[in-house]
Amino acid sequence: MNRIAELRKEKNMSQISLGMKLNVSQKMISAYENGKNEPSIDLLMRMADIFRASIDYIVGYSENRYPEYQLPVNSFLGSSKKDISRIFGELTDKNKWIAQGILLGLLASQQAEPGNETANSDETKSG
């Protein structure tokens, strides 16, 4: 449970302030962080909301902080190629094939759009 302390500090929260958000004492937060006590599922769900991290990550079961279904809506708007490559690398082989198919389909439809410079330059080359 040492990730609770890590995530709490990342949010610049004291044990008291986290305890207040969760309606538990500072002593209980300390016990969770030191592994002397385990939070209930309800508390873990609330921590996941506060820390914007998966329960699996909080309890140390996974290194993936964000569950796939909870990635922020605008998470790719500012993503670098390195970020996208890292995310792609975390996919299973099956999902990598699916993602490649989707990307190739998007690229093909983009090139076929009227007024697309790439599509127009291809027509010019062939004509």
Side-chain angles (χ1 to χ4, degrees):
M1 290 296 168
N2 60 1
R3 282 206 175 134
I4 295 172
E6 171 190 320
L7 291 165
R8 175 182 57 77
K9 290 173 185 175
E10 191 177 284
K11 290 269 188 188
N12 295 316
M13 296 176 73
S14 66
Q15 288 181 339
I16 293 171
S17 63
L18 179 58
M20 289 174 66
K21 286 182 179 271
L22 297 172
N23 294 322
V24 298
S25 69
Q26 176 272 328
K27 193 173 185 176
M28 284 304 295
I29 298 297
S30 177
Y32 298 150
E33 291 181 357
N34 293 316
K36 294 179 182 174
N37 205 337
E38 294 184 9
S40 67
I41 295 295
D42 178 60
L43 281 178
L44 285 170
M45 289 170 56
R46 293 186 347 212
M47 283 184 203
D49 287 338
I50 291 167
F51 298 135
R52 298 196 180 277
S54 70
I55 292 173
D56 285 350
Y57 182 81
I58 293 170
V59 299
Y61 184 72
S62 171
E63 293 301 312
N64 185 5
R65 184 172 180 159
Y66 305 104
E68 293 79 29
Y69 60 88
Q70 287 185 345
L71 284 174
V73 173
N74 61 353
S75 64
F76 291 105
L77 295 179
S79 295
S80 68
K81 289 179 183 178
K82 183 178 178 182
D83 292 334
I84 293 170
S85 178
R86 179 189 55 78
I87 292 167
F88 186 82
E90 292 176 8
L91 295 174
T92 63
D93 287 343
K94 178 183 176 184
N95 285 337
K96 284 178 184 174
W97 280 106
I98 292 169
Q100 285 176 337
I102 291 169
L103 290 172
L104 290 171
L106 287 171
L107 184 60
S109 69
Q110 175 180 302
Q111 291 174 344
E113 290 175 2
N116 187 313
E117 291 178 24
T118 306
N120 290 340
S121 64
D122 288 345
E123 291 172 6
T124 306
K125 290 178 187 174
S126 63

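Quick caveat, the model's predicted, so the values are computed rather than measured.
Taking 4.5 Å as the limit, some side-chain heavy atom of Tyr32 sits within range of a side-chain heavy atom of Met47.
The CG atom of Asp56 lies 10.0 Å from the CZ atom of Arg3; values are rounded to the nearest 0.5 Å. We find the CD1-NZ distance between Ile50 and Lys11 to be 9.0 Å, quoted to the nearest 0.5 Å. Between Gln15 atom CD and Lys9 atom NZ the span is 8.0 Å, to the nearest 0.5 Å.
Of all the heavy atoms in Ala53 and Leu7, the pair that sits closest is CB-CD1, 4.4 Å. The nearest pair of heavy atoms linking Leu44 to Pro39 is CD2-CG, 3.6 Å. Taking all atoms of both residues into account, the shortest heavy-atom contact from Leu18 to Met13 is CA-CE, 3.6 Å.
Criterion: ILVMFWY side-chain heavy atoms under 4.5 Å apart, direct or through other members. Under it, Ile4 and Ile16 are not part of a common hydrophobic cluster. Linking Ile, Leu, Val, Met, Phe, Trp and Tyr whenever their side-chain heavy atoms come within less than 4.5 Å puts Met45 and Ile58 in one cluster. Linking ILVMFWY side-chain heavy atoms closer than 4.5 Å, directly or via other members, places Tyr57 and Tyr61 in a single hydrophobic cluster. In the hydrophobic cluster analysis, where Ile, Leu, Val, Met, Phe, Trp and Tyr join through side-chain heavy atoms closer than 4.5 angstrom, Ile102 is grouped apart from Phe88. At a threshold of 4.5 Å between side-chain heavy atoms, the hydrophobic network of Ile, Leu, Val, Met, Phe, Trp and Tyr places Leu91 and Leu106 in two separate groups.
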Do any side-chain atoms of residues 94-101 form donor-acceptor pairs under 3.5 angstrom with protein atoms, and if so which ones, sequence neighbours left out?
unit_1: Asn95; atom_1: ND2; unit_2: Thr92; atom_2: OG1; d: 3.4

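Lys36 is linked by a side chain to side chain contact (heavy atoms under 4.5 Å, CB included) to Ala31, Asn34, counting only residues two or more places apart in sequence or in another chain. Residues satisfying the side chain to side chain contact (heavy atoms under 4.5 Å, CB included) test with Arg46, not counting sequence neighbours, are Leu22, Asn23, Asp42, Leu43.
Taking the charged nitrogens against the carboxylate oxygens, Glu10 and Arg65 do have a contact shorter than 4.0 Å, which makes a salt bridge.
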